[in-house]
There are 2 protein chains.
Amino acid sequence: MSQRQIYFDLLGELEKATGKETESLFGRIQEYFGIRHQSYMNISLSSGRQNALDMLNTFPEDLVQHYIDNDLHLVDPIAQAALTGITPVDWQAYINNKNAQKLFAIASTFGVSATGMTIPLLCRGNQAAYFAIDVGVAVSEWPQYRRAHIGEMQVLATYLHAARQEMAQDLPDADLTAREAEVLKWTAAGKSYWEISMILGISERTVRFFMTNARKKLGVVTNSQAVAQAVLRGMIPL
Amino acid sequence: MSQRQIYFDLLGELEKATGKETESLFGRIQEYFGIRHQSYMNISLSSGRQNALDMLNTFPEDLVQHYIDNDLHLVDPIAQAALTGITPVDWQAYINNKNAQKLFAIASTFGVSATGMTIPLLCRGNQAAYFAIDVGVAVSEWPQYRRAHIGEMQVLATYLHAARQEMAQDLPDADLTAREAEVLKWTAAGKSYWEISMILGISERTVRFFMTNARKKLGVVTNSQAVAQAVLRGMIPL
DNA sequence: GTAAATACTGTCACTACTGACAGTACCACA
DNA sequence: TGTGGTACTGTCAGTAGTGACAGTATTTAC
């Protein structure tokens, strides 16, 4: 069976797949590309911190644990680029980035190379997802390899992602009351408690009360953080 | 030059392209695939109504006008699927859908076929985008054609979309320095000035300095407001 | 009818933020 | 050699936000 035929079969199965079936398909993606390590990650942006909703992973367990324990995703410029950008992120493009170099150094001790890419995936709602692959070919071959396979990779990742959706139930929405949302909106607009109290015709203490409730419901500690979450979650009329 | 080489060239140019340059590249995508019609659409979901921010289009003008005038996007199950789903939408999958049939009937009078697909594109912020193509091959050939080209199409659409971003900005860029953005990010994460100073290993005064600059550049008066703007504009890698 | 949720208010003590006055050092560019 | 941008630091005075202790009135749901 030709390589291309294997790809078509894999694509056909991924289009139909749901839930648990995807785990074996995840393995077959790895086989098909001859990838050393790959990781599918679906993240909730709802709570204060980024919170993993779903993960499929073949990276070394110790490396993943190290990454998680040290909150390296906050320092990792590639992860940041994947979570804020649109196009696949070529790891080699970060070879001169100091933070990336540190991470590459750590990763290499676990046998992870610097030739790979991270493909951002389309999410609906307040989530972000990516598919990261460590291809591990020689640096000289990488540009050619990447061009040749980026299409197949993006398509398979997209269908894998779609099939995994049911595994990634997000946290329930923090349902703010009308007043809480209203006060939050004015805070996001740069108004102080006193100003909001004037706008809404209530006491400053009450404004504070609503904001405190909103912070608690959003699981955050400062108004700035609450605003960040509210905007992310589309609770603020733009 | 082989077809594959043309694709690689196109991809290379799209990766580097920005702004106006994308218009000729849009035409070259059409040439490459031998597509009859194609449409790139970027929509703002900000103010309740869907509002087109950016469009590139080769569909017949009269058809587009008819579509817009009659708000057919609200009835079009394919557009709805593309705007709410994750995977490319195969028009043929809707061949038995009554609303779709009506639209196919209208479209066919303008020379638009029912063999095509609509690829949803990843957006940051409160937007949605898709790339729709009318391939117009025979129905019998379509499944094979689709499997064979979906990868290339998705990749080219993704890079076109990325290159068009500057054309679809709700809000102007504020041009923060790396430090300003970094400090803003930690503020959005609920850290105090003192905590940020510990994280970054600089004095609390300096953190304040960066935040003050960020506020001025964003034209806001409070940190909460700055965070709201930064998140809205996708400047915060959360 | 009671429990829970919502909408509101008061005061105290403390911490965090904000603006305005400063300043130094380094680097790129003309 | 200057000019402008970035990265950094100090101090003071005032305003804003935060948590913990309260409390009342009204509506909604079982």
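Here is the naming used below: chain letters follow the sequence lines, and residue numbers restart at 1 for every chain. Please read all numbers here as calculations on a predicted model, not as lab measurements.
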**Student:** Examine the base of dG19(D) for any acceptor or donor lying under 3.5 Å from a partner atom in the side chain of Arg208(A), and report the outcome as yes or no.
**Tutor:** yes
**Student:** Rounded to whole angstroms, how far apart are CD on Glu180(A) and C1' on dA5(C)?
**Tutor:** 10 Å
**Student:** What's Ser203(B) touching, base or sugar-phosphate or nothing? Going by heavy atoms closer than 4.0 Å.
**Tutor:** sugar-phosphate
**Student:** Out of dA22(C), dC8(D), dT18(D), which has the shortest distance to the side chain of Arg205(B)?
**Tutor:** dA22(C)
**Student:** Could you tell me the separation between the CZ atom of Phe209(A) and the P atom of dC21(D), rounded to a whole number of Å?
**Tutor:** 15 Å
**Student:** Measure NZ/Lys191(A) against P/dG17(D) and give the value in whole Å, please.
**Tutor:** 12 Å
**Student:** Within less than 4.0 Å of OP1 or OP2 of dA7(C), is there a side-chain N or O belonging to Thr177(A)?
**Tutor:** yes
**Student:** Begin with the C-alpha distance, continue with both residues' side-chain angles, and end with the deciding distance and a verdict on salt bridge (charged side-chain N to carboxylate O under 4.0 Å, His left out) for Lys191(B) and Glu204(B).
**Tutor:** CA-CA 12 Å; Lys191(B) 304 299 182 187; Glu204(B) 189 179 333; over 6 Å; no
**Student:** Expressed in angstrom and rounded to an integer, what is the separation of Phe210(B) atom CZ from dA7(D) atom P?
**Tutor:** 6 Å
**Student:** Rounded to the nearest Å, what distance is computed from the NZ atom of residue Lys217(B) to the P atom of nucleotide dT6(D)?
**Tutor:** 5 Å
**Student:** Let me know the distance between CD1 of Ile196(B) and P of dT15(C), rounded to the nearest Å.
**Tutor:** 18 Å
**Student:** Figure out the NZ/C1' separation between Lys216(A) and dA5(C), and round it to whole Å.
**Tutor:** 14 Å
**Student:** Does Arg179(A) put a side-chain nitrogen or oxygen below 4.0 Å from OP1 or OP2 of dT6(C)?
**Tutor:** no
**Student:** Does the side chain of Asn223(B) pick up a donor-acceptor pair with the side chain of Tyr193(B) at under 3.5 Å?
**Tutor:** yes
**Student:** I need the CE-P distance between Met211(B) and dT18(C), as an integer number of Å.
**Tutor:** 6 Å
**Student:** Of all heavy-atom pairs between Val227(A) and Ser224(B), which one has the smallest distance, and what is that distance?
**Tutor:** CG1-O, 3.4 Å
**Student:** It should be established whether Thr212(A) places a side-chain nitrogen or oxygen under 4.0 Å from OP1 or OP2 of nucleotide dT18(D).
**Tutor:** no
**Student:** What does Asn223(B) touch in the nucleic acid at a heavy-atom separation under 4.0 angstrom: a base, only the sugar-phosphate, or nothing?
**Tutor:** sugar-phosphate
**Student:** Counting the benzene-type ring for Trp, do His161(A) and Phe131(A) have ring centres under 6.0 Å apart?
**Tutor:** no
**Student:** Hey, which sits more toward the 5' end of DNA chain C by its nearest nucleotide, Glu204(A) or Arg215(B)?
**Tutor:** Glu204(A)
**Student:** Please confirm whether the backbone N or O of Glu195(B) pairs with a side-chain atom of Ser192(B), one donor and one acceptor, at under 3.5 Å?
**Tutor:** yes
**Student:** dT15(D), OP1 or OP2 - any side-chain N/O from Tyr193(A) closer than 4.0 Å?
**Tutor:** no
